[in-house]
Each structure stands twice: as C-alpha cells, then as structure tokens.
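Only one structure is covered here, and it is reproduced in the block below.
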Amino acid sequence: MVARYLLYDKKEALRYFRAKGDDKQAENACDLAYLKLRNEVMPRFVSTRLKCHVIQCSAQAKGKIVLENGLEFCSSNLAKHLDGCTEVLLFGATLGSKFDVAQRRIALEGLTQGAAAQAVGAALIEHYCDTVEEELKKDFTGVSFRWRFSPGYGDWDLEEQKKVFAILNCNKIGLTLTASGMMAPIKSVTAIIGIDYRQNI
Amino acid sequence: MAFRDLLGKDFLYFDGAMGTMLQAAGLQAGELPEIWNIQHPEKVQAVHGAYLAAGAQIIKTNTFGANSLKLTDTGVSVAEVFQGAVKNIRSAIVQEKSQGTIPCDREIFVALDMGPTGKLLQPFGDLAFAQAVEIYKEEVQAGVKAGADIILIETMSDSYEAKAAILAAKENSQLPIVCTFTFDLSGKLLNGADVETAFFLAAALGVDAVGFNCGLGPEQIVKLLPRGVDSVDLPIVVNPNAGLPVVKEGKTVFAVGPEEYGKLMSEVAAEGAALLGGCCGTTPEHIKALCENLKGHKPIGKTTKAETQISGYGSSVDFVHMPVIIGERINPTGKPRLKEALKAENMDYVCNLALEQLEKGASALDVNVGVPGVNEPALLTKAVLALQAITSVPLQIDTSDYIAMEQALRIYNGRPLLNSVNGKEEVLEKVLPLAKKYGAALVGLCLDDKGIPESAEERLAIAWKIIHRAKVFGIKEQDIFIDPLAMTISTGGQNAVVALDVVKSLHAKGIKTIMGVSNISFGLPARDQVNSTFLAMAMEQGLSAAILNPKSEAMLNAYYAYGALSNKDLGCKAYLEHFAGVKQEIKPQGPEGEYSLYEAIVKGLTGHSHKAVEKLLSGGKKPLDIINEDMIPALNMVGEAFEKKTLFLPQLLMSADAAKAGFDVIKQKFGPGKENGDPIVLATVKGDVHDIGKNIVKVLWENYGYKVIDLGKDVPPEKIVAATLENKAKLVGLSALMTTTVTSMEETIKQLRKAVDCKIVVGGAVLTEDYAKVIGADAYAASAVASVNYANKLFKK
C-alpha cells in the first residue's frame, strides 16, 4: 500500500532534533533537510489482523500475548498495555531505501544537516504511521484501540522483532531485518495495536 | 523445439499461482511452501497437473523462496528442494501426457524459479553483493543438476538483487534466462527504478526475456507495458496477479475472475507481450481462459529499436536529445588533494566531489582513482560503493587496471559506462568480454599500438576496428561511444579540427561519440574560453556525451546556449531552468554583517567562521594561535552551555560545523599538519549502522586537535583492535544504539582488553553509567561534550 500524502510536521521534527525554544536556525536546518528529502520517500506498509489472548505477568513468568497462529509475544509491559484486548492489528511501515541514500548524501554537508535529516525522517515515518493507523481503524466500529506499541519499548525485547517479521509479509514493501536485528531501510517501524471489543469501558 | 527458438515467435504460456493453490490444499500460514515438494509431493504435482491441463507450457518449480537463508533450520537443503521440485513437474508431465489431458508432442519447459533473498543488499541492508551471488549460485547449480530447462528470476523489486541473480545464472549455467520485476502503480520498483531502467539493465546483462509479475493485475500492467516494450529488444513476459489485492476481514483476496482475466490478458497480448501467465490469486481456470482467448494468434513483435541508456540505482540517462554531461572531477591527475584523499581512503572527500558536480548539473560521473602505489582494485571498488550509497546517477568506471575494472563492474548497481577500450589488441581482448558480461556501455579511444594517429581517417579506422571487434563479442554498435581524443591545440593547429571531423563522420553513420573536452586547451591561457567554444563546436557535430568540469561556468553557459539554439533543448526548458533561476538552489540563509571567529562559532555560523579565519590569517595571526585563542574558547563555551542545558543539540552541532569550517580553511592553507594530535580510535560496533552520534563525537574531537581514526559503522571487533594497535591509540570510543548491538560492544571491549592497554569510552542511546561498567568500559559519555571532557582529562589538555 502506498500513502497518498506525507505531512511534514515541523514541530515534531524539531522535537526529534532536540531543539528548544524559538530556534530559527534549527528550523531552517529542518526545512532544508525536508526540501531535499521530500521527493526521496516511497512510503509503504503491510498489515494483518490476528485474534489474541493476553496473559498478564505472574511471579514466575513475563506476561505474553498468544496469537491465533500460535506465535507468542513475551512482554509484561505489552500484556498490561493490551489488557482486555482480544484482537490485534500488526503493521510494518517504511519510507523506503531511497531515503537512506538521500540521508547519507545530506549528512556529507555537515553534522547539523545530517542530524536535521535524521530528525525530519523520524517525524515523517511517525506521521506516516499515524495515517496507516487511521486507514486500518476505518474497518471497525464500536471498538476501542490502544496506542501503537513497538518491539524495543519497555520490556518487549527487540529480539521479538523476528516474530513480527515472521507474521507480516514485509518483503512485499522492501522491509527487511538484518542479522543484528535492525530494520532496513533505516526509517521503518513495526507496531502492534490492541483492539478492545468491550463496550463502555 | 528449443525454448530460445520459440521465444517471441509463438505465445508461450506460464502457469499461475502456486502459493494460493497450496494454501487451498491445506498449507498453513508460516509454513514454507517449498518444503511441500518433499513432504507432500502429490499435492504439488496435482497443482502442476492442473496447470498443464489448462494449457500452460512453462511450469515454475515450487522453489520461490528455496534459498539457503530461508531454509535455515528447516533440516532440508537447497539441493533437496530443487531435486524434489523438478521431479514433481516431470512426474506431472508424464501423468498428464499418459492420461491424454495434454498432447504428447506439446513442448513443456521446467522453469527453475528463484525469488528475492528476503534481504536488502548493502549499503541498504546487510547482504553483501557477493553473498547474494553465492545464494543464487547455490540455487542455480541445484536446479540445473535437477534438470530444469530455463531459469526464471521473478518478483524482483530491487534491480541490484536482480543483477546478482542474473550473474549467478550466467556463471553457472547455459540455460535461457527470464527475469520479471514487480512494479507499483506508477511503474517503480521498491528501489525507485522505473520500468525502462530495470528492463534495460536485465537486457544488458544478457537475459533472454524480461517482464512483469506480481504486485499488479493485468489492467494495471497493460498501462505500463508500452514502456517496457519500447525499452528493450526482447520478448516481454506478463504474469500478473488476479487483480489488485483487496483486504476483506483482514485477509487478502484477488477479485478478477477467470473469464475477465482471459479478456484482460488478450489486451496485454495486443500491447506486445509474448509470454503470458499468472501470479498471486490466479488458478488453472485463469490460465485456461487466457490460452483459449489467444488460440490462433501470434505475438505482435515490435519494429522500433530500443535506445541505449546508462543507469545508476534507480535512475537512467539516455542520449536522445542533449549531449550528456559527465563530471570529470573524480580523477586524481593534477589534483594533489584528491591524491592525498585517495591514499588515505577518504571517501567523504570523493563523495563531496561528486555532490559538487551533481549540483552543477552533471548527469553522470567519471570515477578514476588511479594513484601510483595504491591497491587500485580495492580502492575503485570502495569508491564505487561509497558513491552509489549517496547518489543514484550513473557512473563511468574509468581505469586501465583489468582487475579493478572487473571488480567495479561487478559490484556496480546499474548499467555503467566503461572507460575504456582502444585499438590495441591486448586491450580489446581483455576489455570487450568484461563489457559484454557486465552489460556495460563502452567508451572506445581512437588509439592503438602505434599511439594516437594524426589524421581523422586513421582515427576513424581505429574506431571502426573497435566497433567491429565489439560486435564479435556480442556488443551492439549502439552501446559504443567513440572518443576521438582531443589533443591540445597548443601543440598542433589541426588538433581540434581532426577531433571534430571524427565526431562528424561517426555521427553521420549513427555512431555515438564522447570526448574529454578540457584537454583541447592544455598549455593555453584563458582555457575556459577555448573549452566552451570547442564544446559548442563538438555539439554541433553531434557529440553524444561530454566529459567536463561542471563547475566551469563558461562551459555550462555554452552547453545550455547551444542546446537552446539547436532546438535540441526542446522549448529551451533546460536553458530557462539554468539561466532564469527556475531551478532554485536550496541554501541556508545566515545573518548578514561581520562576526568575530569566536562569535561565529558560538552562534554556529559556518560561512562567517570561514570568513573570519581567512581574515585572521591575512592579518598575520598564526594558525596555532587562532585555534588556541579563538576556536577552543568558543567550543568550550558552547560545550559548557550544552552541559548546563542553556543551549541545545542543534546549536552544539552548528557550532561544531562552524569550527570545522574554520579548521578546513587552515588545513587548506597550511596542509593537513594536525596529524600529530593524540590518536583516538572511534567506531560504531558490529551490527549497528547508526552513526550520527559517532560522527558528532568525531568532529568535536577533531576540533580539539585529536587525530581521530574513524573506522565507520558496523565495525568488527578485530578491526578495532588492529587499528588501536597500529595507531598506538590510548583511547578508543565505541558507539552502539541498540540493545541488540550492545552485546557486540561488550565483545569488542573484551577483545581490546586482551590485546591493548587503552582506555575505552562508550556512548549510545541505550547505555547508562551502570551498564557501561557492567560491559567493562572505563567511562560512559552521556553526550558528545562528555566524550570531549573525558579525552581532555585523559590527555591533560
């Protein structure tokens, strides 16, 4: 799936850039990076929907999410976050590998531009994830959702990214996992969203 | 009849989907369909049988993902899967023929099916090009041994990976090769390459047919098809999905039914496809409908010839209208700073030279790293890899070292220009096979064993010799660019006229020409004047590509003015963009006025810092005094403010950039004399490719006068140990950004402790003071400034 439109949220970019107050130079750096990056993104996503059973942590074991296909995500934080959910949405999203080339090119200009490009990229992929979320949620009425949670958050071990990749057909969007567990292209996200079918909670 | 004899003459029908058929037969999600070749051969054979009965002639082995990466931990080898897969098709053929469902004399071809590895190639992911070739090699050898008839490389969404697969196929078999790509609605691969670029690259590498599969339905592919047909002179394959995927209740379904599919595929055939079949969601009924609709028809073929092109990662350049500007700057001849950079393997310097030229309008870049005393094969490969990591424009590989030539051609991501071959026997014998094998466009120089002839006639004779010899090796005339060799007019009055005569005469015969323009004025004053006029004259004679310095304004002025006058620049579009400022340069705006160096650094004003240093130097201040009295105090002030949180990361970075700009002025004037600072080794550890934090530390350390040996990212422990020993470094800085790579940081520290006596400072988002102690580091730097403070304390600055 390809997004139609990718918004540049300057405030978010400046936050990732760790700019504070009214910093015109930082704004300028982000704007420049955005202008150079905007034609280099090819955002795409894959998603799936799975029934699940959430087991909270005990004195003996970490919490876990048991999926309908038999796979389990082990994380007490995630289990707590998904408490009450009986189904999950899982998605992977990426800005594509051309972005990587452009970011490396911009980084040659200096530290400021390199870091600004990185910050703008982070803002772009996060915004893209927002639009993906919106798209996925369209299919539902009368349910509540939990905000998206990704491998590496809290005690959800990054190692479990492998399980996410085993479920999603990430190859379809050119999203891969390196031997050390990093996603390539660099500006990519995978996330899980809990669906709670209980009324009036 | 053999496959190659049927190609393009009769329609050939591929089968349809395997995966969705096996799912219907009980394959579970997460189960590898390839294993079913061995575990459930009867079910796989049943699918093959149904497609044969439907009319398919090319049956794909059920081996899409049967590579060593995906089969790890399955207990089944690549060879076993291919053995089983080919056998399943052969059995199905025997059965269908014996049952009489298909005629005994029907030609059936078993296609050794290879899909993507599932990994991204370097520098985008962690799979080295050579590894990718190895993975495909294993599949090809297994499939050939099992008795496949043709090789099908399919669902390629990265042209670089397709190149690896095609090379593996060529190097390990004689079988016909078919390569199909997966495009999106706009006709782009995931790496951004368009239909023309991908098809042309596959064709140049020597496949027998090229085409589309998966991703889209027939209705969408038919719109992209004319672009594919025009871009190559090969039969075109179309294996679409049964329409665009639609998600229903979380499950993907394909909506186009057999009857509609058959109709749509007739349109596909009418647009020029010669091999047709199906992909995801298609069934034997779809294939049957397709075959019945096309019964009695023949492929339409094509009449126009495809134009030649060169390409990089996803973007291509043709030679139809304006001559192509090839930037000449990455060539160490007469450039002492580039020579130094190349000896030091400083790829940032090389990449910056590339960017400068691209900004000025170069469409391709010449890459020559021939410095006496360097390991040219390793260095050229390194330079090509570095350049294709930051830009997608085509490169011209320029070397006379055959080993360097082959290595660079091999790892090049796209279709390069190869500079060069000439009329010498030995050179022809060595270079032509390389150009053919790697599908390069080729520059031919008008010189031979006797040197460069004086007259145009003699140079033309060499040109034709090259063209004819190339033909023997299977290289087409249209892929050759003859360089008449412009000799300076300061040593011979006829030199320009002779070169232009050669261009004119070849252009009249439809042969492309290329020329290094600047040489014409060697030894003369006001060279730009001569060069730019010569360029205009050469363009008028039909020059196809000019190798020049795009930073020369006179040259570009002549180029665009000529384009407008000759109507080669349609509607004066390029002219207007160049002169009317339509193409706005994106430049940072800084405040006006004059700033002291101290102020410029504190405020992070790169341009002002540059100017301030120049002013101080011209006022007679010594470089060392500038550093100690202006720069270091400014950096200290910024560092302290950052620690106190009165100033933030962007300002810190801008100040570091501004200080660096100041140092660069000093370095440029006085040479790189700061190499005597205390050495520090710096690296992002193995498995981790994050390097922004590491780069900040590097620049700050350098600004404080340390000699930083930056090993880059994803660096194995052994390399860090070796560099520390070699440079006698007393401090090593390590960076890791992920919990998964902190383990490799720990391993690096362990190995360093065993081999060297040095301090180790670590940093990165996931680390803490305590964690750093646990893994055995001497210090934890919470920020780049902290790493400077630590170094200054250690070296008592």
Side-chain angles (χ1 to χ4, degrees), chain A residues 2 14 17-21 23 25-26 28-30 32 35-36 40 42 44 47-50 69-71 89 96-98 100-102 104-105 107-116 118 139 152 157-159 161 166-167 170-182 184-186, chain B residues 28-30 116 118-120 123-127 157-158 184-186 188 190-192 247 249-251 313-314 348 351-352 355 388-392 586-589 603-604 606 645 648-651 653-654 656-657 660-661 686-692 695-696 699 714 738-741 744:
Chain A
V2 185
L14 285 167
F17 198 19
R18 294 194 221 158
K20 293 264 161 71
D23 186 343
Q25 275 172 278
N28 195 15
C30 284
L32 284 174
L35 289 175
K36 289 175 187 165
E40 309 288 344
M42 292 175 74
R44 287 181 157 82
S47 67
T48 191
R49 220 174 122 163
L50 293 158
N69 60 11
L71 278 175
L89 287 165
S97 57
K98 274 186 88 178
D100 293 23
V101 179
R104 276 192 290 267
R105 187 161 62 227
L108 283 169
E109 294 169 26
L111 293 177
T112 314
Q113 277 309 302
Q118 142 79 22
D139 294 344
D157 199 327
L158 208 46
E159 278 288 318
Q161 189 75 270
I167 298 167
C170 290
N171 278 333
K172 202 146 202 157
I173 57 165
L175 174 56
T176 64
L177 206 55
T178 67
S180 58
M182 273 187 305
I186 202 130
Chain B
Q28 293 300 305
K119 287 269 189 179
L120 275 181
F124 309 98
D126 61 347
L127 186 65
S157 56
D158 177 352
D184 66 12
L185 281 169
S186 64
K188 293 255 162 101
L190 289 174
N191 71 350
V247 179
E249 286 170 10
K251 305 276 176 280
Y313 184 61
D348 277 0
C351 288
N352 273 311
L355 289 188
Q388 64 192 20
I390 60 135
T391 175
S392 54
I586 305 166
K587 278 238 164 77
Q589 313 140 340
K603 288 181 191 296
T606 306
K645 297 199 168 66
F648 304 96
L649 186 69
Q651 287 117 323
L653 299 183
M654 287 177 206
D657 279 337
K660 186 171 183 289
K686 187 173 162 59
D688 205 319
V689 296
H690 296 88
D691 63 354
I692 290 189
N695 290 344
I696 296 171
V699 173
D714 192 12
M738 322 240 306
T739 46
T740 44
T741 51
S744 93

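In what follows, chains carry the letters A, B, and so on, assigned in the order in which the sequence lines appear, proteins first and then strands, with residues in each chain numbered from 1.
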Next on the checklist: Can you confirm whether Leu653(B) sits close enough to Val699(B) that some side-chain heavy atom of one is under 4.5 Å from a side-chain heavy atom of the other?
Outcome noted: no
Checklist entry - Using a cut-off of under 4.5 Å for heavy-atom pairs, which of Leu127(B), Thr391(B), Asp691(B) has the most such pairs with chain A? => result Thr391(B)
Next on the checklist: Report which part of Leu177(A) has an atom under 4.5 Å of a heavy atom belonging to chain B: side chain, backbone, both, or neither.
Outcome noted: backbone
Item to check | Test item: Arg44(A) and Lys172(A) side chains (from C-beta on) under 4.5 Å apart, heavy atoms | outcome: no
Checklist outcome for this item: chain A shares the most heavy-atom pairs under 4.5 Å, among Ser744(B), Ser186(B), Ala389(B), Ser157(B), with Ala389(B)
Next on the checklist: If I measure from the heavy atoms of chain A, does Lys660(B) come under 4.5 Å with its side chain, its backbone, both, or neither?
Outcome noted: neither
Checklist outcome for this item: Whatever's closer than 4.5 Å to a heavy atom in chain B on Asn69(A) counts as neither
Checklist entry - Is there a donor-acceptor contact under 3.5 Å from the side chain of Gln118(A) to the main chain of Ala107(A)? => result no
Checklist entry - So which of Gly118(B), Gly604(B), Ala656(B) has the biggest tally of heavy-atom pairs under 4.5 Å with chain A? => result Gly118(B)
Checklist entry - Taking C-beta and beyond as the side chain, do Pro123(B) and Asp100(A) meet within less than 4.5 Å on heavy atoms? => result no
Checklist entry - What option among Ile696(B), Leu185(B), Thr606(B) has the most heavy-atom pairs under 4.5 Å with chain A? => result Ile696(B)
Checklist outcome for this item: Counting heavy-atom pairs under 4.5 Å with chain B, the top scorer among Leu50(A), Ile167(A), Asp23(A) is Asp23(A)
Item to check | Residues which pass side chain to side chain donor-acceptor pair (under 3.5 Å) with Thr741(B), listed by chain and number, not counting sequence neighbours | outcome: Asp688(B)
Checklist outcome for this item: Counting heavy-atom pairs under 4.5 Å with chain B, the top scorer among Ile186(A), Leu108(A), Asn171(A) is Leu108(A)
Checklist entry - Contact part of Ala115(A) toward chain B, heavy-atom cut-off under 4.5 Å: side chain, backbone, both or neither? => result both
Checklist entry - Can any side-chain N or O of Ser97(A) pair as donor or acceptor with the backbone N or O of Asn191(B) at less than 3.5 Å? => result no
Item to check | Interchain contact, Lys20(A) with chain B, by part (heavy-atom threshold 4.5 Å) | outcome: both
Checklist outcome for this item: If you tally heavy-atom pairs under 4.5 Å between each of Val101(A), Leu111(A), Thr176(A) and chain B, the highest tally belongs to Leu111(A)
Checklist entry - At what distance, to the nearest 0.5 angstrom, does CG of Asp714(B) lie from OG of Ser180(A)? => result 7.0 Å
Checklist outcome for this item: Looking only at Asn352(B), Leu649(B), Asp657(B), Ile692(B), most heavy-atom pairs under 4.5 Å shared with chain A are made by Asp657(B)
Next on the checklist: Less than 4.5 Å apart, side chain to side chain, heavy atoms only: is that true for Arg105(A) and Glu40(A)?
Outcome noted: yes
Item to check | Any side-chain heavy-atom pair of Ser47(A) and Leu89(A) under 4.5 Å | outcome: no
Item to check | Contact leader toward chain A among Ser392(B), Cys351(B), Ala661(B), where contacts are heavy-atom pairs under 4.5 Å | outcome: Cys351(B)
